[in-house]
Amino acid sequence: SPDEYYKGTVSKFKIHNKVMTDDEVAETFSETFNKIFKADIEKNLLGDKNEAMDKVLYNLPLPTNYEGAAITWTSNKPEVITTDGTVNNQAANTDVELTATVVSGKLTGTAKFNFTVLPADRSSLAEPVENAKKAKEDPFRSDKSKAELESLIAKAATVNQSGIEKLIADINRAIEKADYSPLYMN
C-alpha cells in the first residue's frame with residue numbers, strides 16, 4: 001500500500017544488484033541533480049524588470065542558497081555582471097556567462113547561464129542633468145551645493161540602468177535643497 005506521508009513522485013526507478021557507495025550514488029544522480037538545479041535557479045533569475053536573458057538591463061537577483069546549501073557564482077566578465085548580480089551596462093551589447101555551483105552532500109550541481117547585457121538607456125537623465133547644470137551656475141549657491149551637483153552630473157555618465165531612477169531623485173533633491181552661499185545670506 002502507498003505511504004500516506006510520501007507526497008512526491010518517482011521519475012525513474014532502477015534496481016541494483018549491490019549496495020551502492022556514496023560516490024556511486026552521486027555519480028548516478030549528478031546529471032539529474034544538475035538539470036533540476038538549473039531549472040529551479042532559472043525560474044527567478046531575471047527579476048521583475050529584465051525581459052529576457054538576451055535583454056538584460058537591470059541587476060539580477062542571484063540566489064545565494066539552494067535547499068540549504070550555499071551557491072557560489074562566477075562570471076566570465078565580472079566587470080559587466082558581478083558575482084552578486086550587479087549589472088554594469090557597457091557602451092555596447094555584451095555577452096556574459098554566469099556559472100552557479102552548489103554542493104549538497106556528495107552531489108555537486110553546476111549550471112551555466114548566458115546573458116546579453118544591453119547598454120543603459122540614460123535618455124531619462126537628460127532633463128535632470130540639464131537642470132542640475134543650470135542650478136550649478138546659480139551664483140548664490142554654496143560651493144558645497146555646487147560640488148554635490150557636479151558629482152551627480154558626473155555619475156550620470158556611468159550609472160547603470162538599475163541606478164538611474166535613484167540618481168534622478170538625488171539630482172532633483174540636490175536642486176531643491178539649495179544651500180546658499182554665506183555671501184548671499186548677508
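Values reported hereafter were calculated over all heavy atoms of this structure, with side chains retained and with hydrogens, waters and symmetry mates removed. All figures in this text were calculated on a predicted structure; none of them were measured in a lab.
A distance-only check finds a donor-acceptor pair linking the side chain of S75 to the backbone of I81 [under 3.5 Å]. Counting only distance, with no hydrogens or angles, the side chain of N76 and the backbone of E97 share a donor-acceptor pair below 3.5 Å. The backbone N or O of S142 lies less than 3.5 Å from no partner atom in the side chain of S145, so there is not a single donor-acceptor pair. Listed for the W73 side chain is a donor-acceptor partner under 3.5 Å among the backbone atoms of P63.
Taking OG of S124 as the start and CD1 of I168 as the end, the distance is 3.5 Å to the nearest 0.5 Å. Here the CG atom belonging to L152 is positioned 10.5 Å from the CG atom belonging to L125, to the nearest 0.5 angstrom. We find the CD-CG distance between E67 and D40 to be 7.0 Å, quoted to the nearest 0.5 Å. Remark: K55 NZ to L118 CG distance equals 8.0 Å, nearest 0.5 Å. Taking CG from N59 and CG from N89, the interatomic distance works out to 8.5 Å, rounded to the nearest 0.5 Å.
Applying the side chain to side chain donor-acceptor pair (under 3.5 Å) definition to pairs two or more places apart or across chains, those involving residues 166-175 are K166-D170, D170-R173. Sorted by first and then second residue, the ring-ring contact (aromatic ring centres under 6.0 Å, His included) pairs involving residues 34-69 (not counting sequence neighbours) are F37-Y66.
Shown here are the salt bridge (charged side-chain N to carboxylate O under 4.0 Å, His left out) partners of E127, two or more places apart in sequence or in another chain: there are none. With sequence neighbours left out, the salt bridge (charged side-chain N to carboxylate O under 4.0 Å, His left out) criterion links K144 to no other residue. Qualifying salt bridge (charged side-chain N to carboxylate O under 4.0 Å, His left out) partners for K177, counting only residues two or more places apart in sequence or in other chains: E148. E165 meets the salt bridge (charged side-chain N to carboxylate O under 4.0 Å, His left out) test with K49; sequence neighbours excluded.
Inter-residue side-chain proximity for N88 and Q90 is flagged as met; some heavy-atom pair is nearer than 4.5 Å. Using a 4.5 Å cut-off on side-chain heavy atoms (C-beta onward), V80 and V117 make contact. When side chains are defined from C-beta on, V159 counts as touching R122, because their heavy atoms get closer than 4.5 Å.
The local environment of CD in E27 is sparse, with at most 12 non-hydrogen atoms from other residues, nucleotides or ligands closer than 6.0 Å. Counting non-hydrogen atoms of neighbouring residues, nucleotides and ligands closer than 6.0 angstrom, the CG atom of D143 reaches no more than 12 such neighbours.
For the 3.5 Å distance criterion, the side chains of T116 and D95 qualify, holding a donor opposite an acceptor. T21 and D23 share no side-chain donor-acceptor pair at under 3.5 Å. No donor-acceptor contact under 3.5 angstrom links the side chains of S162 and N160, judged on distance only.
Linking ILVMFWY residues whenever their side-chain heavy atoms come closer than 4.5 Å, directly or via other members, places I175 and I153 in the same cluster. In the hydrophobic clustering of this structure, M53 groups with V87; members are Ile, Leu, Val, Met, Phe, Trp, Tyr whose side-chain heavy atoms approach within less than 4.5 Å, directly or through other members. Hydrophobic clustering (side-chain heavy atoms under 4.5 Å, transitive across Ile, Leu, Val, Met, Phe, Trp, Tyr) groups V96 together with L45.
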Taking it one step at a time, do R141 and K136 satisfy side-chain contact (heavy atoms from CB on, under 4.5 Å)?
-> CA-CA 7 Å; R141 279 190 178 266; K136 193 179 81 142; 5.9 Å; no
Salt bridge (Lys or Arg N to Asp or Glu O under 4.0 Å) between E24 and K106, intermediate numbers included = CA-CA 10 Å; E24 289 171 327; K106 289 278 186 176; over 6 Å; no
List the steps and the verdict of side-chain contact (heavy atoms from CB on, under 4.5 Å) for L57 and D121.
-> CA-CA 9 Å; L57 282 165; D121 177 5; 5.7 Å; no
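The cationic atom of K38 (NZ for Lys, CZ for Arg) lies less than 6.0 Å from the six-membered ring centre of F113 and within 45° of the ring axis.
We find that K35 and E31 are joined by a salt bridge, their nearest charged nitrogen and carboxylate oxygen being less than 4.0 Å apart.
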